[in-house]
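Throughout, numbering of the chain's residues begins at 1 and tracks the sequence.
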Amino acid sequence: MFGLSELAVILIVVAAVLCAKKLPELARSAGKSARILKAEARATKDEDEPAERRVIQGEVVAPDRDGAPGRRQ
């Protein structure tokens with residue numbers, strides 16, 4: 001009779017034959033997922049590094065009596 005390893009090989013071959021049409025699509029989606037995961041890991045690594053401080057020039061606007069920002073004069 002067959003052992004466990006022989007049954008596993010037979011099941012893998014049967015699954016590959018029956019799902020042959022879907023294998024390229026599965027490989028493509030796995031590649032896209034890997035690229036997205038790599039990009040996200042790189043982005044979080046870049047966020048951990050301290051960024052340069054930037055000074056943004058602006059204007060001070062006095063609030064109205066309601067507490068909302070007023071218009072420039």
Side-chain angles (χ1 to χ4, degrees):
M1 211 71 229
F2 294 112
L4 186 60
S5 61
E6 288 88 2
L7 284 175
V9 170
I10 291 171
L11 286 175
I12 290 171
V13 170
V14 169
V17 170
L18 293 177
C19 300
K21 293 181 182 179
K22 296 281 185 176
L23 286 178
E25 183 181 328
L26 290 173
R28 204 172 301 121
S29 67
K32 285 181 182 178
S33 299
R35 265 186 259 125
I36 291 171
L37 181 63
K38 188 185 232 182
E40 291 296 325
R42 189 177 301 129
T44 56
K45 180 183 173 189
D46 291 343
E47 286 179 2
D48 290 342
E49 296 175 2
E52 294 181 22
R53 290 185 163 232
R54 295 187 309 167
V55 176
I56 300 173
Q57 299 295 328
E59 299 176 4
V60 178
V61 178
D64 288 342
R65 27 187 166 129
D66 298 337
R71 294 185 177 173
R72 289 191 325 197
Q73 295 178 352

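- Minimum heavy-atom separation, P24 to A20: CD-O, 3.5 Å.
- Taking CD1 from I12 and CG from L7, the interatomic distance works out to 11.0 Å, rounded to the nearest 0.5 Å.
- Residue-environment remark: CG (L4) stays at or below the threshold of 12 foreign heavy atoms within 6.0 Å.
- Considering K38, K45, E40 as possible partners of R42, the one that fulfils the side chain to side chain contact (heavy atoms under 4.5 Å, CB included) test is K38.
- Residues L18 and I10 fall within the same hydrophobic cluster, defined by Ile, Leu, Val, Met, Phe, Trp and Tyr side chains chained together at heavy-atom separations under 4.5 Å.
- Going from atom CZ of R28 over to atom OG of S33 covers 12.5 Å, rounded to the nearest 0.5 Å.
- A side-chain donor-acceptor contact under 3.5 Å links E6 to the backbone of G3.
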